[in-house]
Amino acid sequence: MPQRKLGVDVFEETIDRIYWLYKQGHKVVVSFSGGKDSGAMLELTKLAAEKAGELPVEVVMRDEEIMFPGTFEYAERVYDDPDVNLNWLIAGQPVVNAFSREKPFFWVFDQLLEPEEWVRQPPEYAEWIPDLFIEKLVTPERFPPKPGGDVVVLIGVRVDESPTRRMSVASAGGFLTQKNKWGYRKAKPMYDWKEGDIWKAHHDYGWDYNKAYDKMFQMGVPAHKRRIAPPTLIPAGIDNLGFALKAWPKWFARVERRLPGLRTAAQFGRRAVEPIRRSDETWEECFHRTCIDEAPDWIAERATKARDLIVARHARHSSSPFPQVKDCIRCGYFSWRRLAKSLYMGDPFSLLFKQLPEVEPEYFRPGAGTWEGGTPSFG
């Protein structure tokens with residue numbers, strides 16, 4: 001998609017976009033995760049809100065229990081900021097442990113455990129909510145809009161991170177979306193920032209930030225892997241487990257007690273979360289052995305459905321067998337090898353094989369509820 005240079009300063013332009021939202025009478029809420037982008041989004045919103053006479057800034061954050069050290073310390077400093085009203089919410093939702101085939105979910109601040117078994121204790125001012133999926137953090141009931149205005153959630157999304165994010169802004173016709181089924185609109189006013197812009201702003205204006213980034217830099221973590229998110233969410237995060245084991249050994253020990261098997265993943269890397277093909281078998285045979293025959297029931301069930309869907313799709317456009325290694329473009333860039341690697345850990349949130357529905361919490365814990373059509377993942 002071609003880009004059009006506007007010749008404007010992204011810093012001032014973003015403040016103007018947020019200021020415009022305030023002057024339109026909207027209820028502006030910043031979605032905060034503790035990462036560099038949402039932190040910058042908050043600081044920019046504080047400047048726009050001061051200009052519009054709308055301080056303190058409304059902020060919402062969901063406590064995920066297990067995040068890199070420095071994240072919740074940063075959130076506590078944000079909570080203490082007089083220019084911020086941070087709504088610290090706990091949903092008790094399941095989070096994927098992408099490094100376990102037998103127990104792929106763990107529950108945030110699990111009520112079936114003793115509090116001493118949690119990785120950390122939540123602050124006293126945190127509010128527990130019943131909704132499992134992230135879209136329900138913001139509701140018109142929790143953040144009543146002004147008469148004639150809407151609730152608008154500001155998200156620190158930058159389109160340079162992926163083509164999908166670029167398309168999301170293009171398809172919305174700008175940085176502001178229409179009202180969704182949950183009763184609010186989303187805004188991405190810093191969509192045109194680069195990562196360098198984020199850190200330059202932090203440096204130039206002395207903004208506070210999550211000090212976990214300093215540790216990542218010191219430990220040599222590549223820039224594109226310095227992310228603040230639940231560390232067990234996707235298999236690709238396994239590289240950061242090895243770094244975390246060395247950087248924060250005491251924290252890692254607490255997480256390992258909560259999630260047994262994590263150290264194995266940190267020590268052995270991708271070999272612990274990907275199928276190993278034998279020398280005498282094809283990738284198709286490897287898929288059936290590792291993802292169906294030898295897999296836990298829930299993985300075998302999903303792998304069977306995925307196999308049937310993808311093979312049927314391939315047969316509709318080709319008389320050749322479904323490829324072993326070279327991905328079929330018309331099948332969504334899949335082959336037996338990619339299918340085996342995608343389904344080996346079950347992909348319960350359907351992050352790799354999107355044709356399957358997400359696994360509902362009810363599946364692993366009867367009575368735990370469902371996603372109700374919302375997004376089960378983080379952010």
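Atoms considered below: every heavy atom in the structure, side chains included; atoms not considered: hydrogens, waters and symmetry mates. We count residues from 1, following the sequence as given.
Below 30°, between 30° and 60°, or above 60°: for F243 and F68 the angle between ring planes is above 60°, a perpendicular geometry. Using the six-membered ring where Trp is involved, W88 and Y125 have ring planes that are perpendicular, over 60° apart on the 30 and 60° scheme.
Looking at heavy atoms from C-beta onward, Q111 lies in side-chain contact with W128 at the 4.5 angstrom threshold. Using a 4.5 Å heavy-atom threshold, the side chains of E195 and K36 count as touching. Counting heavy atoms from C-beta on, the side chains of P323 and H314 come closer than 4.5 Å. Using a 4.5 Å cut-off on side-chain heavy atoms (C-beta onward), Y184 and T139 make no contact. Counting only heavy atoms from C-beta outward, the side chains of V60 and V30 never approach each other to under 4.5 Å.
Using modelled atom types, no side-chain atom of T71 and backbone atom of M67 make a donor-acceptor pair closer than 3.5 Å. No side-chain donor-acceptor contact under 3.5 Å links H202 to the backbone of D197. In this structure, E362 contributes its side chain and G369 its backbone to a donor-acceptor pair below 3.5 Å. Using modelled atom types, one side-chain atom of R185 and one backbone atom of T177 make a donor-acceptor pair closer than 3.5 Å. Checking side-chain atoms of E360 against main-chain N and O of W371 turns up a donor-acceptor pair under 3.5 Å.
The side chain to side chain donor-acceptor pair (under 3.5 Å) contacts involving residues 90-101 comprise E64-Q93, where partners must be two or more places apart or lie in separate chains.
More than 12 heavy atoms of other residues, nucleotides or ligands shown are found within 6.0 angstrom of CG on D80. Few gaps surround CZ on R365; more than 12 heavy atoms of other groups in view lie less than 6.0 Å from it. Counting heavy-atom neighbours within 6.0 Å of H203 NE2, excluding the residue itself, gives a total of 12 or less. Heavy atoms of other residues, nucleotides or ligands lying less than 6.0 angstrom from CD1 of I329 number 12 at most.
With F72 as the aromatic partner, R120 meets the cation-pi criteria of under 6.0 angstrom to the ring centre and within 45 degrees of the ring axis. Under the 6.0 Å distance and 45° angle rule, K51 counts as a cation-pi partner of Y19. Taking the ring centre of F106 as origin, the terminal cationic atom of K103 falls outside the region bounded by 6.0 Å and 45° from the ring axis.
One finds the CD1 atom of I134 at 12.0 Å from the CG atom of L132 (value rounded to the nearest 0.5 Å). Between the CG atom of L55 and the CG atom of D81 there is a distance of 9.0 Å, given to the nearest 0.5 Å. With rounding to the nearest 0.5 angstrom, the NZ atom of K341 is 5.5 Å from the CZ atom of R337. Distance check, rounded to the nearest 0.5 Å: CG of L339 to CD1 of I310 gives 6.5 Å. Atoms OG and CD, from S342 and E274 in turn, are 9.5 Å apart once rounded to the nearest 0.5 Å. For the atom pair M61 CE and Y74 OH, the distance stands at 11.0 Å (nearest 0.5 Å).
In summary, the side chains of R302 and S350 do present a donor paired with an acceptor at a separation below 3.5 Å, with no hydrogens or angles considered. Counted by atom type alone, W193 and T14 present one or more donor-acceptor pairs between their side chains at under 3.5 Å.
Heavy-atom minimum distance, D192 versus P189: OD1-O, 4.2 Å. The shortest heavy-atom contact between L245 and A266 is CD2-CB, 4.2 Å. The nearest pair of heavy atoms linking H26 to D150 is ND1-N, 3.0 Å. Shown here for F32 and G39, the closest heavy-atom pair between the two residues is CE1-CA, 4.1 Å. For the pair L137 and F143, the tightest heavy-atom approach, listed with the atom from each and the gap, is O-CE1, 4.0 Å. Here the closest heavy-atom approach between residue E58 and residue N87 is recorded as OE1-ND2, 3.3 Å.
Ion pair R289/D293 not flagged as a salt bridge, since none of the NZ, NE, NH1 or NH2 atoms sits closer than 4.0 Å to an Asp/Glu carboxylate oxygen. In this structure, D37 pairs ionically with R158, as a charged nitrogen and a carboxylate oxygen lie closer than 4.0 Å. Under the 4.0 Å criterion applied to side-chain N and carboxylate O atoms, R77 and E73 are not assigned as salt-bridge partners. For the pair E117 and R257, the salt-bridge criterion is not met [side-chain N within less than 4.0 Å of a carboxylate O]. Between D83 and K46 there is no salt bridge, since no side-chain nitrogen of the basic residue lies less than 4.0 Å from a carboxylate oxygen of the acidic one.
Applying the side chain to side chain donor-acceptor pair (under 3.5 Å) criterion to R338, with sequence neighbours excluded, gives D327. Residues passing the ring-ring contact (aromatic ring centres under 6.0 Å, His included) test with F109, sequence neighbours excluded: W118.
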Show your working on side chain to side chain contact (heavy atoms under 4.5 Å, CB included) between I90 and I129 and close with a plain yes or no.
-> CA-CA 6 Å; I90 301 175; I129 61 174; over 6 Å; no

Walk me through it: do F133 and W182 pass the test ring-ring contact (aromatic ring centres under 6.0 Å, His included)?
-> CA-CA 12 Å; F133 57 97; W182 292 285; 5.7 Å; yes

Before giving the answer on side chain to side chain contact (heavy atoms under 4.5 Å, CB included), spell out for L44 and I18 the whole-Å C-alpha distance, their side-chain angles and the decisive distance to 0.1 Å.
-> CA-CA 8 Å; L44 292 163; I18 302 170; 4.2 Å; yes

Steps toward side chain to side chain contact (heavy atoms under 4.5 Å, CB included) verdict (F105, Y363) | CA-CA 10 Å; F105 282 175; Y363 188 96; over 6 Å; no

Test log, rule side chain to side chain contact (heavy atoms under 4.5 Å, CB included), inputs N85 and V59 = CA-CA 6 Å; N85 179 30; V59 181; over 6 Å; no

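Not less than 6.0 angstrom separates the ring centroid of H288 from the ring centroid of W283.
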